[in-house]
Amino acid sequence: MAQDTTIYDIAAKAGVSASTVSRVINNYPYVNKETRAKVLKIISENNYIQNESARSLVTQNSKMAGILIADVRTTHHTEGVYYVEHEFSKNGYCCLIYNTGTDPEDQAKYIQQLGQRKVEAVVLMGSVFQNVTVQNAIMVYLPNTPVAICNGYLDGPNIYGVTADEYGGVMKAVKLLAGKGRKHFVFITNPITPSNQAKIDGFNDGMKLYGEGCTSKVIEVKSGDIHDFEETTRNIMDEEPETDALFYSEDFLAIAGLHALHNTGIEVPRQVAVVGLNNSRYAEICNPSLTSIDNMLYDTSLIAVRNLLEVLRGGRVNHRMSIGAEVVERSST
DNA sequence: AACGTCGGCGTTAGGTACGC
DNA sequence: GCGTACCTAACGCCGACGTT
């Protein structure tokens, strides 16, 4: 079997020493052309592949990166994981992807595991990791490993945060709808993370700035269950039928809202305008298509990985980076 | 220049020595 | 005989160093 073939087997077959084989594999100099060709031929014939575990024993480079996400099934960061993994892979890294849940203690345990696995870099997907427990775990278990956090910040000499300006993005959306004459705004959010808090702040400050003569309120749906968002939407329209602008902290929640509105015969956007956040693919294909605030997931994911690779190369990187968020207007407004 | 030799990376299984 | 403590070899590979 190919995985049982070692450089010693190759060396024996080629009539050279193991270190000559190692030099060939790693493309090091001081190997005769013919010897190199012969070794490469035997490597190919035997389907030899390097044992990365043994290699990392010597080099202290695992060529592994860790990606932590609260739950790959539901959050929009799933798409971010795709970009992050792809970028790591392009650069020769194998990724360990863990579902941590939202409990900081559990998240810390996964940080410890990444330390045990000797990963060379870590990406935390989402502001759900922006907590002191995770920060301490990084200090203890990954003190010399560069860590990036997408859509959040954590203090630490080896931690690099990349965020989109969701605060500003929500403000822009409030301005847009206020400008269209909407008067009664509701912001519906799932459990409050630092990122969701920034969205809420943007909503409230946007209302102060652009919402003269308007009403506004924020509702937190603690369960995170999609049916509860449908129910909340129905309740709002029942109790306050004058509501004419609904904001949701994520696109898929907004789509749940659209579903509920459709089923109760409320017209979007004539009666109520609906705004989501993430600018996901679902925003394009739902009916009506959803106006959404683009928090630049692709860009933040890519910047996170590239920052880590730059640090690993010995370069310097800003510990905090922020890029603008834009409103992408579609039929729901 | 073109090789080979050997120590060591971190961990563990297996062996040996010792006291009870 | 049993439990404990310590030692050694082994895994696959790299890289410093030695030899021709």
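By convention in this document, chain letters (A, B, ...) are assigned in the order of the sequence lines, proteins followed by strands, and residues within each chain are numbered from 1.
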K.L.:
Distance-only, no hydrogens or angles: does the A/Thr189 side chain make a donor-acceptor pair with backbone N or O of A/Ser249 under 3.5 Å?
P.N.:
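Such a contact is absent between A/Thr189 side chain and A/Ser249 backbone.
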
K.L.:
For chain A and DNA chain B, what are the first and last nucleotides along the strand, 5' to 3', with at least one atom under 4.0 angstrom from a heavy atom of the protein chain?
P.N.:
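Here the contact window of chain A covers B/dA1 to B/dG10.
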
K.L.:
By the salt bridge (charged side-chain N to carboxylate O under 4.0 Å, His left out) test, which pairs, at least two apart or in different chains, include something from residues 21-41 of chain A?
P.N.:
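Found A/Lys41-A/Glu45.
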
K.L.:
Does the side chain of A/Lys118 come within less than 4.5 Å of A/Met64's, by heavy atoms?
P.N.:
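No, every pair of side-chain atoms sits at 4.5 Å or beyond.
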
K.L.:
For A/Gln60 and for A/Ser17, locate the closest nucleotide of DNA chain B by heavy-atom distance; then report the residue assigned to the nucleotide nearer the 5' terminus.
P.N.:
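Looking at the nearest nucleotide for each, A/Ser17 comes out on the 5' side.
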
K.L.:
If a pair satisfies ring pair (Phe, Tyr, Trp, His ring centres under 6.0 Å) and one of its residues is in residues 254-299 of chain A, list it, with sequence neighbours excluded.
P.N.:
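Sorted pair list: A/Tyr83-A/Tyr298.
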
K.L.:
In this structure, which one of A/Asp294, A/Asn295, A/Asn196 forms a side-chain contact (heavy atoms from CB on, under 4.5 Å) with A/Glu166?
P.N.:
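The side-chain contact (heavy atoms from CB on, under 4.5 Å) with A/Glu166 is passed solely by A/Asn295 among A/Asp294, A/Asn295, A/Asn196.
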
K.L.:
Could you list the cluster mates of A/Ile293? Members are the ILVMFWY residues connected by side-chain heavy atoms closer than 4.5 Å, either directly or through other members.
P.N.:
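Result for A/Ile293 is A/Val170, A/Val174, A/Leu176, A/Leu177, A/Phe185, A/Phe187, A/Ile192, A/Ile200, A/Phe203, A/Met207, A/Val218, A/Phe247, A/Val275, A/Leu277, A/Val327.
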
K.L.:
Given a cutoff of under 4.5 Å between side-chain heavy atoms of I, L, V, M, F, W and Y, with clusters grown through shared members, what are the other residues clustered with A/Tyr30?
P.N.:
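Members other than A/Tyr30 - counting any ILVMFWY side chain reachable under 4.5 Å - there are none.
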
K.L.:
Among residues 34-41 of chain A, which residues get a heavy atom nearer than 4.0 Å to DNA chain B?
P.N.:
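Heavy-atom cutoff 4.0 Å gives A/Thr35.
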
K.L.:
Provide the full list of ring pair (Phe, Tyr, Trp, His ring centres under 6.0 Å) pairs with a residue in residues 301-333 of chain A, sequence neighbours left out, each pair given once.
P.N.:
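Applying ring pair (Phe, Tyr, Trp, His ring centres under 6.0 Å) to every pair that reaches into residues 301-333 of chain A, excluding sequence neighbours, yields A/Tyr160-A/His319.
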
K.L.:
Is there a path of hydrophobic side-chain contacts, each under 4.5 Å between heavy atoms of I, L, V, M, F, W or Y residues, that connects A/Tyr248 with A/Ile226?
P.N.:
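Yes; A/Ile226 is reachable from A/Tyr248 via cluster members.
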
K.L.:
Please encode protein proximity along nucleotides 14-20 of chain C as a string of B, S and -, counting only heavy-atom distances under 4.0 Å.
P.N.:
SB-----

K.L.:
I need the full list of side chain to side chain donor-acceptor pair (under 3.5 Å) pairs touching residues 106-117 of chain A, with sequence neighbours left out, sorted by first then second residue.
P.N.:
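Output for this query lists A/Tyr98-A/Gln113, A/Gln107-A/Asn131.
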
K.L.:
With each end axis built from five pairs of C1' atoms, what bend angle do you get for the helix from B/dA1-C/dT20 to B/dC20-C/dG1? Round to 10°.
P.N.:
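For the helix from B/dA1-C/dT20 to B/dC20-C/dG1, the axes at opposite ends meet at about 60°.
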
K.L.:
Which pairs, with at least one residue in residues 200-227 of chain A and sequence neighbours excluded, count as a salt bridge (charged side-chain N to carboxylate O under 4.0 Å, His left out)?
P.N.:
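Every salt bridge (charged side-chain N to carboxylate O under 4.0 Å, His left out) pair that includes a residue of residues 200-227 of chain A, provided the two are not neighbours, is A/Asp205-A/Lys208, A/Lys217-A/Glu240, A/Glu220-A/Lys222.
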
K.L.:
What residue pairs, at least two apart or across chains, pass ring pair (Phe, Tyr, Trp, His ring centres under 6.0 Å) with a residue in residues 50-74 of chain A?
P.N.:
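Sorted result for residues 50-74 of chain A: empty, none.
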
